[in-house]
Amino acid sequence: MAALLGAAMAAQAQETIKVGLVAPFSGPFADYGKMMEGGIKAYMKDHGDKVAGKKIEVIIKDTTGPVPEVAKRLAQELVVRDKVDFLAGFGLTPEALAAAPVADQAKKPMVIMNAATSVITTKSPYITRVSMTLPQISAPMATWAVKNGVKRVVTLVADYGPGIDAETTFRTNFIGGGGQVLESIRVPLRNPEFAPFVQRIKDAKPEAVFIFLPAGEQAIGFMKAYRERGLADAGIKVIATGDLTDDHVLPAMGDSVNGVITSFHYSAAHKSPENQKFLKSFADTNPNGGRPNFMAAAAYDGMHVIYEVSKKLNGKIDGEKAMAAIKGMKITSPRGPISIDPETRDVVQTVYIRKVEKVGNEFYNVEFDKVADVKDPGK
Ligand code: PHB
């Protein structure tokens, strides 16, 4: 009887392809998980919940934030107990770095839907990334700024992997183009108190400040301090990676964000049929979800990759074969064309320069310039 039951369960297990989604769903970064889940729901509405005759099952695990031990334990549970075919998600770099050895040892394809420190994909040949890297996004911002007459800046970044990547790449490209970095400030990842840092920026009297902060509440905190300390009045402009003007938070940011220039891979205002379809499916499947952001778009694309691989392998997911199928894959994303670099397994994509402007009654990141086919320059 037990053997029969075991066989029946094994047969049933083979009827599903399991995706373990590891991301924060509670705590200060809870929106990351919700945006990813929302993007996945939108994809599954558009493409059904079956591939190669098998049902796609998504198992959600909440890391609660940048807590490496929890992310590692959850990835282990997904592999050992739930027997997932793919690990996916990873909002924050510390989550991705902690889970990397789990994917590596179990030979499980790990699809990064946000975490954006360059080095992550070098940690295992089973890791791919559909989101972005901070060097990939920051280099075009530096180049645009020097070309457009910005010569003296201060940089301010969150003091961990992606922030340090953003600072380093921005500095190299900005100084290389003839600009001057007056000061480089790093702020804590958790609960930064911006007022003293913003005062330091003001005292340095730059023409602009370059910012990387993890998307979400921190951007509101920074822009509030920027306004209250009179930096706008002093003529100090904000340039940033698009994390600062994250589409999900932008409608709540108020007028001080008007005119901010950012570089990024996804804007909800991107004009394409694929983005129109994505926005509609997201709204249909997430009635109170607000405006989808880059993490929702990357999760939509991450599912696209998982579906394509599953089709190619006829539903039999093997780590090595899955990675071979992922390398060089090209898809049309809501953000534009993307591909997976066969050498690095990192995303290659267009980086847009955008300006926050009112479209109708709401602020959007309006794209006005772009650099096509940008690879991660960090490798
Ligand atoms: C990261 O931790 O890698 C990260 C988090 C939030 C962002 C970008 C990168 O907006």
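Just follow the structure's listing: the first ligand is 1, and inside any ligand the first atom is 1.
Listed for the His248 side chain is a donor-acceptor partner under 3.5 Å among the backbone atoms of Arg291. In this structure, Arg129 contributes its side chain and Ser118 its backbone to a donor-acceptor pair below 3.5 Å. Gln136 places a side-chain N or O within donor-acceptor distance of the main-chain N or O of Val374, the cut-off being under 3.5 Å.
Residues Val356 and Phe222 share a hydrophobic cluster, clusters being chains of Ile/Leu/Val/Met/Phe/Trp/Tyr side chains in contact below 4.5 Å.
Applying the side-chain hydrogen bond (donor to acceptor under 3.5 Å, both in side chains) definition to pairs two or more places apart or across chains, those involving residues 315-325 are Tyr126-Glu320.
Between Asp301 and the options Thr332, Val111, Ile338, a side chain to side chain contact (heavy atoms under 4.5 Å, CB included) holds for only Ile338.
Annotation: ligand 1 has protein neighbours Tyr32, Gly91, Leu92, Thr93, Asn114, Ala115, Ala116, Met132, Tyr160, Pro162, Phe212, Pro214, Ala215, Asp243, Phe294, each with a heavy atom less than 4.0 angstrom from the ligand.
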